[in-house]
Each structure stands twice: as C-alpha cells, then as structure tokens.
There are 2 protein chains.
Amino acid sequence: MYTKAENNQISVNSLIHDHKKCVTEALSIAERLCSLRGVQLTTIRYQVLELIWSSHKAVKAYELLDLIKPLQNAAKPPTIYRALDFLLEQGLIHRIESLNAFIGCNCSGHQHELLLLICKQCYEVEERPALKVMSALTEEFSDANFVTHSQAIEAHGLCAKCNELKS
Amino acid sequence: MYTKAENNQISVNSLIHDHKKCVTEALSIAERLCSLRGVQLTTIRYQVLELIWSSHKAVKAYELLDLIKPLQNAAKPPTIYRALDFLLEQGLIHRIESLNAFIGCNCSGHQHELLLLICKQCYEVEERPALKVMSALTEEFSDANFVTHSQAIEAHGLCAKCNELKS
DNA sequence: ATGTAAATGTTATATTATAACATTGCAAAC
DNA sequence: GTTTGCAATGTTATAATATAACATTTACAT
Ligand SMILES: [Zn+2]
Ligand SMILES: [Zn+2]
Ligand SMILES: [Zn+2]
Ligand SMILES: [Zn+2]
C-alpha cells in the first residue's frame, strides 16, 4: 500500500497475527476518540497514524517523512513533527525515547502506565500493562517522595521470536 | 573551579549534602576500577567524568564540550562522545535516554539494575536500586518470553524538594 | 629503538528537532 | 453572504545531537 522502508530486520509478529485488524481497530478508535474529544484527526494526522501502524516496529520521524511524501508532496519535517505531537497528546502513539522513534498505542484512551518491551533486533515493541511492576514503582516513588504520573517504562532486549531464531 | 553552565533551575540536593565527597569518591572509585580492569582513565576521560560529577543534574554532551574547552583547546564533538562512550562502557556514568544527557553512576562496578528518578524541574537524577520493581520486571520479562539484562529504568516527575517548594 | 594498538586530532556530514513567519481553509458571529 | 478569528498547514531556515572517516600522536610491550 505504502512504500515501505527497506530493512533487514526479521519481523515475526507480523506473520502470526491478523495485523489488518490491528490497523483498522486502531484507526477507528482514533477517529471515535478524536470526535468525542472535539479535536480534528485531519488527513495528514490520519495518514501518519496509519503509517505508524503499518507494523509493530518503532518508526522514526524522517522515515515517516519519506513515507508520507508520495501522499503529501509538501511534507517537510514540521509536517511530521506536528502530526506526531498531536498523536502523542491524544495518546494515540508512544514515543520510544531510547530510539527516537514512535509506535502506535494499542490501549488509546485509557489512562495507562505501561511497560514497553523493545526488541533490539527487530525493533518490534510490545506494550504490556505490567501491573505488578507499576504498583512496585508507585511504592518506590512514594518511598522516595517523588511525584509523578502515568509512566511509560522502556526495556530493551530480545523478543520471544528473535530469541528463538537465534538458538 | 570550572565554568559552570548558567541555568535557572533550583538545585537543592547540592545544598543538603557534602557533594565534594560524592565527587572525590566517584573519581577515586573510577581510578581504582580502571586500573583493576587494565583500561586507561586518561586525562580527557577523567576531566569529563569530573565535569559530569560537578552536580547531580543530567548534563548534555555539548554542555560538556563547552565546559571542557578551557581545559582542552582541541576539544570537538568526538572528543566528548568518545569519552562518554568509554565512561558508559565502564559503567561509570548513565545515559538518560529521555533527555539525551548523562549523569555519574554512584554504584560503579556493581552489576546493577536500577531506577532513575529524573526531576523534570531541576534535572537532578536520583539512582535507586528499587529491588521490588526490578524483581517484578524480571517476572514480567519471563512472562513475555523477553530476554534482557541490566535495565536502567527512567521515571520522570518532581523530586521531593521541587515538590515541596511548589506547595 | 621499534612495532603495534589505543587514543586523540581534524574535517566533514548525518540525524533529529524546532523557530519563526506566511498562507490557507473553515466555521461562528454578524 | 461577508467578516473575523483560529486552527492547520506551508515554507524557510537553523538548532541540537551524533557519527564517519581518516590523519596523527601516544603509550607501552617486545
Ligand atoms: Zn498487529
Ligand atoms: Zn525481535
Ligand atoms: Zn553529591
Ligand atoms: Zn527537582
């Protein structure tokens, strides 16, 4: 559908589930949510979200810029960064700080603290509620008199599939 | 001693503890460790480590570059990035992914998984072992068949002191 | 002293992100 | 239906972060 950035990474999750369903669900939730909130999911914002959801891999801003150019000739860095800012504000995507990259959020609209499992081989990211981790964190914050909300915690390693393939 | 980058942030921790002790301890541990490991803590590397330890605030690579220029006229970006790479490899500093910045590690030489509490107001960073968090994480990784080691987990919020001052 | 690898110097450039201001498009108020 | 205001987008330029590539110097083992 869209030109896809070349890469040598093995993508496994995309083989073993109905990814079209991920995409259509994410997009329809986004539309519903924006409508409820009275904010505009414009064409550009929608296209960026769709491109981000083209896989479960973390994707970089300038990759998105290349991908959207066929659709939006005028696209320049601010085009992408503005759309990303909007999607982040609306909780529709996550920023992976350690990669300077982005992924779709699959629990949009919920208040959420979560754990991001980032595969350093295939760059796929799994989002997990990790309730025990989050409650241990909350306790630790309290012990440290540290005040905070809604953490996204990033962990790097090998996903199940990449680890299997390795052995 | 060194020219200090101007900033408007309130620094509190530096008022309530003997920070010189932090610095001398960190530097002597670094020397001992490098010597044991047979790696060279050269002048540049030592100076960068000392500059990073000038406070408990996260410090950026180009701030370090400005700070080291009076001491090393030839300093250019690679000068700093190489020293940072070395210090990271040796576990003497941490990189704060979410800030593109660095802090001294106060448990150098230990195997460590830890929690970094990053104050979004004063940029001071507190390093905590957070054993319960880490064991919950380990369990979560195992549930997810995710393979990883030695995580540094970053959390953003207000430190105790900044939070007191606010109210 | 000589050879070798590590460290540093140097130049250039890649990558990521934002500032600043102009233009467009759409909807509410008149 | 025009005016007005504001959000979104377009456009240009540049800031901030990081690395590649190659030359030179230094440390130090033999
Ligand atoms: Zn999917
Ligand atoms: Zn993987
Ligand atoms: Zn201190
Ligand atoms: Zn603080």
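Per chain, numbering begins at 1; letters A, B, ... match sequence-line order. Values below: all heavy atoms of this structure, side chains included; hydrogens, waters and symmetry mates excluded.
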Enumerate the residue pairs fulfilling salt bridge (Lys or Arg N to Asp or Glu O under 4.0 Å) with a member in residues 88-103 of chain B, sequence neighbours excluded, ordered by first and then second residue.
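Those involving residues 88-103 of chain B are B:Arg95-B:Glu97.
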Please collect all salt bridge (Lys or Arg N to Asp or Glu O under 4.0 Å) contacts where either partner lies in residues 132-145 of chain B, sequence neighbours excluded, each pair once.
A:Arg128-B:Glu140, A:Lys132-B:Glu139, A:Glu139-B:Lys132
Counting N and O atoms only, with roles assigned by atom type, does the side chain of [X] sit under 3.5 Å from a partner on the main chain of [Y], one being a donor and the other an acceptor?
X        : Y        : answer
A:Thr138 : A:Met134 : yes
B:Thr24  : B:Lys20  : yes
A:Gln47  : A:Leu71  : no

Using atom [atom1] of [X] as one end and atom [atom2] of [N] as the other, report the distance to the nearest whole Å.
X       : N      : atom1 : atom2 : answer
A:Leu41 : D:dA8  : CG    : P     : 11 Å
B:Leu71 : C:dG9  : CG    : C1'   : 17 Å
B:Gln72 : C:dA7  : CD    : P     : 15 Å
B:Gln47 : C:dA7  : CD    : P     : 16 Å
B:Glu97 : C:dA17 : CD    : P     : 13 Å
A:Ile80 : D:dT11 : CD1   : P     : 15 Å
A:Asn73 : D:dG10 : CG    : P     : 10 Å
B:Lys76 : D:dT24 : NZ    : C1'   : 14 Å

With B for base contact, S for sugar-phosphate-only contact and - for none (protein heavy atoms under 4.0 Å), nucleotides 25-30 of chain D reads ------
Letter per nucleotide, 5' to 3', of nucleotides 15-23 of chain D [B base touched, S only sugar-phosphate touched, - untouched; heavy atoms, 4.0 Å]:
--BBBBB--
Among the candidates D:dA8, C:dT11, D:dG10, find the nucleotide nearest to the side-chain atoms of A:Arg45.
D:dA8
Those residues at least two apart in sequence (or on a different chain) that pass ring pair (Phe, Tyr, Trp, His ring centres under 6.0 Å) with B:Phe141 are B:Phe146
Under 3.5 Å side-chain donor-acceptor pair for A:Thr148 and B:His156:
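Looking only at side-chain atoms, B:His156 and A:Thr148 do not form any donor-acceptor pair under 3.5 Å.
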What side-chain donor-acceptor pairs closer than 3.5 Å can you find for residues 73-83 of chain A, not counting sequence neighbours?
residue	atom	partner	partner atom	Å
A:Lys76	NZ	A:Ala74	O	3.3
A:Thr79	OG1	A:Lys76	N	2.9
A:Thr79	OG1	A:Lys76	O	3.1

Residue from A:His19, A:Glu127, A:Glu126 passing side-chain hydrogen bond (donor to acceptor under 3.5 Å, both in side chains) with A:His56
A:His19
